[in-house]
Chemist: 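My questions will all concern the structure given below.
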Amino acid sequence: MSDRRVLVNLRGLLTPDPARTWAVDRIPDAVLALEGDRVAWMGPAADLPVAWADAPQVDGGGAWVTPGFVDPHTHLLFGGNRSGEFNRRLQGATYQEIAAEGGGIRETVRATRGATVEELVAVGETRLRAFRERGVVHLECKTGYGLELESESRLTAAYAELQRRGWSLDVTLLPAHDLAPEFRGDAEANARAVAEDWLPELVRRHPGVGRFCDVFVETGVYTADQGRRVLEAGKRLGLIPRVHADELSWTGGAELAAELGAASADHLMFCSDAGMKAMAAADVTPVLLPGTTLFLGMRDWAPARKMIEAGCRVALATDFNPGSCPCLDPLTILRLGCLQLRMTFEEAFTALTLHPARSLRRDDLGHLHPGARAEVLLWDVEDMLELVYWVGEAYRPRFLS
Ligand code: NIG
Ligand code: FE
């Protein structure tokens with residue numbers, strides 16, 4: 001049968017085990033048996049079942065094989081960039097000061113509102129290619145730079161078109177990413193418009209495109225109460241909540257995520273101990289974004305170790321966006337996970353594969369156990385730890401053709 005093949009000549013195979021929270025299988029001299037686009041068997045070459053003895057072989061070239069990375073938090077589509085604002089920050093202005101003056105997210109909103117669906121799709125494909133080259137095989141993508149119905153609808157349409165072209169991505173509706181200029185600071189009215197008008201209309205216009213909804217709960221943006229109303233409205237429409245939580249200050253975002261049974265709470269630099277416990281109990285995935293902490297020049301790294309000890313399945317993501325983290329490189333995030341969040345290599349690797357896939361309800365991604373999608377990466381290194389150790393190297397994986 002032509003859709004059966006065995007990947008041979010591997011230095012080894014490294015994969016999280018979906019049955020055990022933090023366990024990583026490291027199998028030297030492994031082979032990987034594939035049937036169509038699925039993993040059928042993996043293990044030491046010497047143990048390959050006889051049924052596979054005659055299957056066509058693919059030469060792995062002595063590489064390590066791993067599952068592809070899954071990025072559970074990106075703001076993929078936006079117009080323009082914020083290099084001017086970045087320069088102001090280098091001269092001392094803070095992210096919050098720039099936002100309070102009407103810059104920040106709202107500057108990107110101006111550029112995004114002026115973009116057509118075709119322009120958004122074109123820029124999206126360029127960025128998706130860059131993610132893929134670096135080993136990201138699936139990602140979560142948010143709307144949120146429209147802040148009004150028609151622009152949010154164009155962003156959703158652009159994501160639908162990218163999916164139609166074959167890109168593997170999950171869409172999160174985030175019309176509550178900031179306060180829209182039209183509401184002149186009236187967060188209450190803005191949250192009501194999102195919950196009662198925009199989310200229902202986005203779901204009506206683009207059925208099946210959005211899987212998740214999100215809200216920026218932060219001092220000066222939406223309160224936890226307003227966030228709750230937005231996410232409950234999303235839930236009534238079949239959208240699973242995710243939350244931008246406790247990013248710049250403690251706002252009870254993690255607690256809110258747990259209360260609502262959200263798939264994830266993201267950022268969490270200022271998460272409380274109670275919030276960590278609540279997330280562990282409610283099986284909310286904390287999605288940590290150390291690239292953002294780095295790029296904003298903050299000293300408070302998210303407490304990954306405490307979260308792991310509290311029983312949370314921590315995930316890592318890029319947060320790719322033009323303001324707080326213009327970085328789409330999973331290796332940078334893996335390195336920051338190890339070097340700043342003090343995760344072991346195996347933990348950081350699991351946090352960029354299995355745990356994000358689970359938070360996106362994609363059980364067939366993020367590992368290479370039987371049944372997994374055959375989204376595999378081949379790395380020409382002697383040991384996978386080199387990806388972190390040679391800290392400035394721009395490693396690129398090879399893919400199965
Ligand atoms: O995840 N916190 C809100 N959203 C983004 C920043 C977006 C921007 O600055 O453009 C974040 O950090
Ligand atoms: Fe974000």
Side-chain angles (χ1 to χ4, degrees), residues 71-86 88-89 93-113 115 123 127 139-147 151-152 155 170-181 187 194 212-222 227 230 241-251 253-254 257 262-271 285-298 300-302 315-328 333 336 356 359:
D71 190 334
H73 184 136
T74 82
H75 302 255
L76 183 81
L77 291 183
F78 53 84
N81 71 64
R82 304 232 290 279
S83 52
E85 158 188 321
F86 175 56
R88 281 196 58 209
R89 284 208 293 111
T94 67
Y95 183 79
Q96 287 100 318
E97 281 164 4
I98 292 166
E101 291 165 10
I105 293 178
R106 272 168 281 181
E107 184 180 329
T108 300
V109 166
R110 287 188 281 277
T112 306
R113 285 182 177 184
V123 84
R127 293 170 187 161
L139 64 175
E140 183 260 16
C141 302
K142 300 173 194 297
T143 71
Y145 288 109
L147 297 189
S151 308
E152 287 291 310
L155 287 161
D170 281 310
V171 180
T172 296
L173 302 178
L174 176 56
H177 191 194
D178 199 353
L179 304 181
V194 171
F212 300 94
C213 58
D214 192 348
V215 58
F216 189 17
V217 173
E218 186 55 65
T219 310
V221 191
Y222 293 104
V230 166
R242 316 182 80 82
V243 193
H244 273 73
D246 304 326
E247 175 180 0
L248 306 168
S249 59
W250 177 81
T251 49
S264 73
D266 304 37
H267 285 290
L268 303 171
M269 274 104 94
F270 296 92
C271 183
T285 302
V287 175
L288 308 185
L289 310 166
T292 305
T293 317
L294 175 79
F295 196 73
L296 293 183
M298 295 171 76
D300 297 283
W301 298 86
L316 293 169
T318 59
D319 193 23
F320 173 68
N321 76 74
S324 69
C325 193
C327 167
L328 44 64
I333 306 306
L336 289 171
S359 94

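One-based numbering along the sequence shown. Both counts, for ligands and for their atoms, begin at 1 and track the order of listing.
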Chemist: Considering only protein heavy atoms, which is closest to atom 11 (C) of ligand 1, and at what distance to one decimal place?
Modeler: Asp319 OD2, 3.2 Å
Chemist: Say whether, by atom type as modelled, one donor and one acceptor occur between the side chain of Thr143 and the main chain of Leu174 under 3.5 angstrom.
Modeler: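 Checking the backbone N and O of Leu174 against the side chain of Thr143, a donor-acceptor pair under 3.5 Å is found.
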Chemist: Angle subtended at the Fe ion (ligand 2) by OD1 of Asp319 and NE2 of His73, to 10 degrees?
Modeler: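 Centred on the Fe ion (ligand 2), the OD1/NE2 angle is 80° (to 10°).
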Chemist: Are any of the heavy atoms in Glu218 under 4.0 Å away from ligand 1?
Modeler: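 No, that is not the case, since the closest heavy atom of the residue is not under 4.0 Å from the ligand.
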Chemist: Is it true that Ser264 and Ser359 share a donor-acceptor pair across their side chains at a distance under 3.5 Å?
Modeler: no
Chemist: I need the atoms of ligand 1 closer than 4.0 Å to a non-hydrogen atom of Tyr95, numbered in the order shown.
Modeler: 6 (C), 7 (C), 8 (C), 9 (O)
Chemist: Does ligand 1 have a heavy atom under 4.0 Å from the side chain of Tyr145, from its backbone, from both, or from neither?
Modeler: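 It is the side chain that gets close, since no backbone atom is under 4.0 Å.
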Chemist: Once the angle between the rings of Phe78 and Phe320 is folded into 0 to 90°, is it parallel (under 30°), tilted (30 to 60°) or perpendicular (over 60°)?
Modeler: tilted
Chemist: Output the list of atoms in ligand 1 that are nearer than 4.0 Å to some heavy atom of His177, sorted by atom number.
Modeler: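 Result: 3 (C), 4 (N), 5 (C), 7 (C).
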Chemist: Would you say Asp246 and Thr251 are linked by a side-chain donor-acceptor pair, where the criterion is simply a distance under 3.5 Å?
Modeler: yes
Chemist: I'd like to know whether ligand 1 has Ile105 as a neighbour, heavy-atom separation below 4.0 Å.
Modeler: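 Under 4.0 Å: yes for Ile105.
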Chemist: So what does the His244 NE2 - the Fe ion (ligand 2) - His75 NE2 angle come to, to 10°?
Modeler: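 The NE2/NE2 angle about the Fe ion (ligand 2) sits at 100°.
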Chemist: Distance alone, cut at 3.5 Å: any donor-acceptor contact between the side chains of Asp319 and His73?
Modeler: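 There is such a pair between these side chains.
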Chemist: What orientation do His177 and Phe216 show, parallel under 30°, tilted 30 to 60°, or perpendicular over 60°?
Modeler: tilted
Chemist: Considering heavy atoms of the protein only, find what lies nearest to atom 2 (N) of ligand 1 and give residue, atom and distance to 0.1 Å.
Modeler: Glu247 OE1, 2.6 Å
Chemist: Tell me, which protein residue and heavy-atom name are nearest atom 12 (O) of ligand 1, and how many Å apart are they?
Modeler: Ser324 OG, 2.6 Å
Chemist: Is the backbone N or O of Met269 less than 3.5 Å from a side-chain atom of Glu247, with the two atoms forming a donor-acceptor pair by type?
Modeler: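 It does not hold such a pair.
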